[in-house]
Structure formats: structure tokens, C-alpha cells
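The structure under discussion is supplied below as C-alpha cells; questions concerning it will follow.
Any value given below was found using the heavy atoms of this structure, including those in side chains, with hydrogens, waters and symmetry copies removed. Counting starts at 1 for both ligands and their atoms, in listed order.
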Amino acid sequence: MATATSIARVDAAPLDVPMRAPFAIAGGAALSAANVLVRVRLSGGSVGWGEGAPLAAFNGETQESVLAAVRAAAPAMIGRDAGDWLPVLRSLDEDVESGCARAALSMAVLDAWTRSIRIPLRRLFGGATDAVRSDVTVDLVNAREAEAAARRIRRLGVGIVKIKVGAGLAEDEERVRGVARGAPGAALFLDANQAYDARTALVLLRRLRLREIVPVLFEQPVPADDWEGLGDVHRLGRVRVAADESVASRSDALRMARLRRAQVVNVKLMKTGLLESWDVARICAAAGLGLMVGAMVETPLALAAAAHLAAGLGGFEFVDLDTALWLARDPMRGPSFGPGGTWDLSGVTAGIGVVPRHEPRA
Ligand SMILES: [Mg+2]
């Protein structure tokens, strides 16, 4: 029987957002955000929004593949009660292979339902806090641009800078030194997106140490399946290591909890969807691993959903939700990356609190 919280419609549309500058990581560059916007409408009229942000350089997903996956999953969702969100999201985990499609659909279902009962999404996750503070990333730019970017980041009041590496040792060392010059006193952390082997990562760390630069964290220095390498970089490089590409499921998280090759796990909605991200975070927290929340090239809609997860659960040591800064225009209304890198969700009274400025043509 249909109730006010039954899912009545699921629509998907392209969400194309031009970027100020390309976002380059080891593996490729994104020149514009070619994302997917999902709208879930409940019988009682509540509407929820979700976003999928494929990044081919990260995991090979594209806007077309995510749109197709969302549209394929939609019919089975019609008539289900969004209030019974756990089995609805479990079905998505079972039936939808695309992490981005799962993320967009699960976000939209939970946004619609928490709006219909008028609670902010962060409260569904536990309501631990109502704000998180993000770092800002310097991507694979040259040393001079990196130094200028670091100065801008400091002017934003942000105290932690994430630096993409993996373009080659000499170039990487120069980039990190540029950031250290531009943001003296800031905490620095590196992300190689799998580009190194353990030996090369250790050489970079050693060279930086000679310059008195000691990163607080080294994210995914080696390929996803090189868990030994993660452990070597930690042990021999005397640095905490974060697993991003290496932990892309509950079973990866359980294995990391057992083997402890990394000390921090980067939780991303786009890798696994919302429910599995939630589980990954709980598994890691229970195992005493550090938590990071990260993103692909996302608009404030998906970024805010991730901020709700991190704020609601609490205990996230690293927050990497800065890609709103890369967009040439903000297609959304609501909370965004604010002063000092703060995602302030305290004013959100229902749902994610972020909606598109313009209704998409479905
Ligand atoms: Mg990463």
C-alpha cells in the first residue's frame, strides 16, 4: 500500500559543471565535472536529491555508465517505502554495481526521507557534531603554481594542505617544497593515487625529510593491491599511511582492520554508496583505524552528503571535501565549503540541505 513516504519517481539527468582549472591526479585529469543528478520523489511530495561523480582517472566510471546504471535501478525502487531505507539501500548494494549510481540513489532516498520527517541527514548517522573542517588540495601543478595555490589556501584560513604526487620524483619534490614555502606552518599530506612503488615513495619521503618537510600522512602511495607496499611505506618511512583505492568495500575494510597495513582509511561515497561507506567507517572506527572522508570532483550536493556522514558519525580526523573550490560556478544552493574550510551544517533543518539552483530537464 502506498504511503506518503513511498517512492513515486526516480529521475536522473546529466550534471555538467565547468571547472576553473583542470584537476590533475596521477592517472589523468578532469577538465569539467560530468556528474549525474538524481531526484527521488515520494508519494507525499517530498523530494530528495543525489549526485554521482564518476572520475574515470580514479575508477573508470563515466557519466554515461552512471546514468545508465541509475535508470536501470529505478523501476525496482518504485513503490518501496523510503522509511524502510535499510532494505532499500541493501537492495541497491546487491543490484547496482556502479558505486557512483549507488551513491546518488542512496543519497536521494535518504535526503527525501529525512526531509519528509524533518531531520537533518547528519542526525540519521548519529548527530555526533554539526560541522567538519576540510583541507584543500594542490593537484599536479608545477612548483610555482603550487606555491601560489598554497598562499591562497592559507588566506582561506585552512591549516591542512593535501598535495597530489606521482608525476615523477623531482617534479613531486619541487611541488611539495613549493607548497611548504607558500603555506609555512601548515600540515601537509601527500596523495600519490597509486603512482609509486614503496621504494620510490620512500625516496620521496627521505628527500623531503632532508628539507625538513615531514608529511602528516601519505595517502595511497602504491597500487591498490600492494598491501605489503602500504605497510613498508608506513614502517620504513615513519609516516602514517592512508588507504583510498585499496579499501573500496566492506571486505577490504575488514581485511585492513585485521592486517593494519594502513593507519587511516579514506571513506568515499562514490566508491561504495552511502550504506557501505557507513559500514566501512564503522568497521574502521571499531578497529581503531583513523578515518578520512574524501570525494571525487563533486558539487556541494554530494560533498555535503559526505559532510553529514562525517559530522554525524564523528571522529573523522581528515576531511577532504574541497572540490567545490574547483567549480567555475556553484550549481547548488545550501551549505558549502565555508571560511577556514568549514562545512557548517548547523543550519540544516531537513535532509542534506543542498538543492539544485535549477530543476534539471529530466
Ligand atoms: Mg585519494
request  = Step through the shown structure and confirm whether more than 12 heavy atoms of other residues, nucleotides or ligands are within 6.0 Å of CZ on Arg211.
outcome  = no
request  = Tell me the protein N, O or S atoms under 2.8 Å from the Mg ion (ligand 1), in chain and number order.
outcome  = Asp191 OD2, Glu219 OE2, Asp244 OD2
ask   = Between Asp139 and Lys164, is there a salt bridge with N-O shorter than 4.0 Å?
value = no
request  = For the residue pair Val138 and Glu147, establish whether any side-chain heavy-atom pair is separated by less than 4.5 Å.
outcome  = no
request  = For the residue pair Trp85 and Trp113, categorise the inter-ring angle as parallel (less than 30°), tilted (30 to 60°) or perpendicular (more than 60°).
outcome  = tilted
Qualifying side-chain hydrogen bond (donor to acceptor under 3.5 Å, both in side chains) pairs, either residue in residues 292-314, two or more places apart = Glu51-Thr299
query = Are Val222 and Val239 connected in the hydrophobic side-chain network, where two residues link if heavy atoms are under 4.5 Å apart?
reply = yes
